[in-house]
Structure formats: structure tokens, C-alpha cells
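This report refers to the structure that appears directly beneath it.
Nothing fancy with the numbering, it's 1 onward along the sequence.
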Amino acid sequence: SSEVSSSQGAQFVLLLFHPISSVVSVVSVVLMAAIAERINMAMFNAAPVGSAVRLAGRCELQQQWILQTVDGGSLPIQTTTALEIPANQMVEIMGTKGLQGQLCATSVSKLPGEIDGDLWNQAIQLAHHSKLRHLFQPAPSGPSGP
């Protein structure tokens with residue numbers, strides 16, 4: 001089994017993409033948040049299949065669950081496990097980009113209170129801006145010395 005541990009002892013998710021069978025296999029779903037990037041719908045559309053992502057928005061149950069993203073996108077959600085998906089409440093969904101452009105959800109987090117979707121989207125855009133990206137990256141862990 002392939003597993004990576006951080007200096008704090010937390011497990012990370014390792015995604016394996018097998019191009020022949022087009023299967024994304026999740027080896028460990030413990031802290032996908034450690035590698036899943038917060039993105040918006042425009043960035044999701046540009047992301048490669050199998051990318052670990054986090055998107056915010058409100059879910060609607062139509063013929064299937066649809067995430068209405070903070071930047072105005074509409075994204076079908078696919079789940080392989082029983083996830084509690086609240087309708088019409090701000091959530092952040094973590095998962096991977098599927099083969100048909102769907103969000104293959106592994107977890108759903110309810111966001112507290114009212115979230116300003118425009119402000120959230122602007123924060124996402126700032127975090128991905130080439131001159132500001134380093135400000136949003138985790139600090140390197142490990143021994144530091146003089």
C-alpha cells in the first residue's frame with residue numbers, strides 16, 4: 001500500500017490513475033484536504049481528470065445532486081459512499097474530477113452561517129494568482145536551523 005505521512009503524523013490521500021482502465025483508485029481517504037486545492041468552476045473545467053479538488057457552493061437535488069458553484073457554475077456530483085449532502089446550504093465538497101467532468105465527491109463540509117460567494121470566489125482567484133500563490137501555500141515543515 002502506498003501511503004505518505006507528514007511530520008505531524010497525518011495521512012495524505014494518494015490517488016492512482018490507471019490510464020488503461022480509466023479508474024481512479026483512492027488508496028487512503030484520510031486527509032484529502034492536504035492535497036485537494038480550493039478552486040472555482042472555471043479552474044475545475046481546466047483541471048485534468050483525477051485532480052484532487054475542493055469546490056464551494058449550494059447543492060440542489062434534481063435527477064442527481066448538482067453543485068451550484070460560487071462562480072455560477074453547475075456541476076454534477078457523483079458519490080460512491082453515503083454522504084450527507086444538505087440541500088440549499090453552503091458547502092465545500094472535496095473529491096476528484098471524473099472522466100465525464102463530474103465531481104466525484106469524497107466528503108462534504110457544511111459552511112457555517114451565510115457565506116459571500118463573490119468574496120469566496122475572489123479569494124480563490126487571489127490564491128491562484130501567480131504573484132500571490134506563495135502566500136497561500138502551506139509553510140514547509142521539517143527541521144529549521146540557522
Side-chain angles (χ1 to χ4, degrees), residues 1-19 22-142:
S1 90
S2 298
E3 204 169 272
V4 179
S5 294
S6 75
S7 60
Q8 291 103 6
Q11 290 182 315
F12 291 92
V13 174
L14 178 61
L15 301 174
L16 301 175
F17 180 70
H18 191 275
S22 301
V23 174
V24 176
S25 172
V26 178
V27 176
S28 175
V29 181
V30 177
L31 287 178
M32 181 180 251
I35 62 169
E37 258 192 298
R38 283 192 168 101
I39 62 174
N40 61 23
M41 185 68 185
M43 295 170 191
F44 182 84
N45 288 335
V49 170
S51 296
V53 298
R54 301 190 313 189
L55 287 103
R58 295 183 187 277
C59 294
E60 296 177 358
L61 183 57
Q62 296 174 4
Q63 291 158 339
Q64 70 179 83
W65 282 106
I66 303 292
L67 177 67
Q68 301 299 330
T69 63
V70 293
D71 61 332
S74 184
L75 185 59
I77 302 168
Q78 177 183 352
T79 62
T80 55
T81 60
L83 294 177
E84 182 182 332
I85 300 177
N88 299 315
Q89 183 178 342
M90 284 296 288
V91 295
E92 183 176 56
I93 299 181
M94 203 167 4
T96 58
K97 182 174 181 177
L99 293 171
Q100 285 81 40
Q102 78 278 25
L103 176 57
C104 300
T106 55
S107 72
V108 177
S109 300
K110 296 176 190 174
L111 298 176
E114 277 302 308
I115 304 295
D116 183 333
D118 290 333
L119 186 58
W120 186 283
N121 189 46
Q122 289 173 17
I124 296 295
Q125 291 172 345
L126 284 173
H128 288 268
H129 189 280
S130 62
K131 293 185 179 182
L132 301 174
R133 191 169 177 83
H134 71 281
L135 298 172
F136 294 89
Q137 298 299 313
S141 59

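Taken from OG in Ser107 to CD1 in Ile93, the straight-line distance is 8.5 Å, to the nearest 0.5 Å. Between Glu60 atom CD and Ser74 atom OG the span is 7.5 Å, to the nearest 0.5 Å. His128 NE2 to Ile124 CD1: the interatomic distance, rounded to the nearest 0.5 Å, is 5.5 Å. A distance of 8.5 Å separates CD of Glu37 from CE of Met43, quoted to the nearest 0.5 Å. Atom CG of Asn45 and atom CG of Leu75 lie 8.0 Å apart (nearest 0.5 Å). Separation of atoms SG (Cys59) and CG (Leu67) is listed at 5.0 Å; rounding is to 0.5 Å.
The two residues Ile66 and Gln62 make their nearest non-hydrogen contact at CG1-OE1, 3.7 Å. Nearest heavy atoms, Trp120 versus Ala56: NE1-CB, 3.4 Å. Heavy-atom minimum distance, Asp118 versus Asp116: N-OD1, 3.0 Å. What you find for Gly98 and Cys104 is that their closest heavy atoms are CA-SG, 3.7 Å. Taking each heavy atom of Met94 and Ala36 in turn, the nearest pair found is CG-CB, 3.8 Å. When all heavy atoms of Thr106 and Gly95 are compared, the pair lying nearest together is OG1-CA, 3.8 Å.
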Are Asn40 and Thr69 close enough, and set up right, to give a side-chain contact (heavy atoms from CB on, under 4.5 Å), and what steps lead you there? CA-CA 7 Å; Asn40 61 23; Thr69 63; over 6 Å; no

Stepwise side-chain contact (heavy atoms from CB on, under 4.5 Å) test for Leu55 and Ile39: CA-CA 6 Å; Leu55 287 103; Ile39 62 174; 4.1 Å; yes

Would Thr96 and Val53 count as a side-chain contact (heavy atoms from CB on, under 4.5 Å) here? Give the steps. CA-CA 6 Å; Thr96 58; Val53 298; 6.0 Å; no

side-chain contact (heavy atoms from CB on, under 4.5 Å) for Gln78 and Leu103? Distances and angles first, verdict last. CA-CA 6 Å; Gln78 177 183 352; Leu103 176 57; over 6 Å; no

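The backbone N or O of Gln100 sits less than 3.5 Å from a side-chain atom of Gln102, completing a donor-acceptor pair. Remark: side-chain polar atoms of Lys97 are paired, donor with acceptor, to backbone N or O of Ala47 under 3.5 angstrom.
Using a 4.0 Å cut-off between charged side-chain N and carboxylate O, Glu114 and Arg58 make a salt bridge.
The shortest side-chain heavy-atom distance between Ser109 and Val91 does not fall under the 4.5 Å cut-off.
Glu84 meets the side-chain hydrogen bond (donor to acceptor under 3.5 Å, both in side chains) test with Lys110; sequence neighbours excluded.
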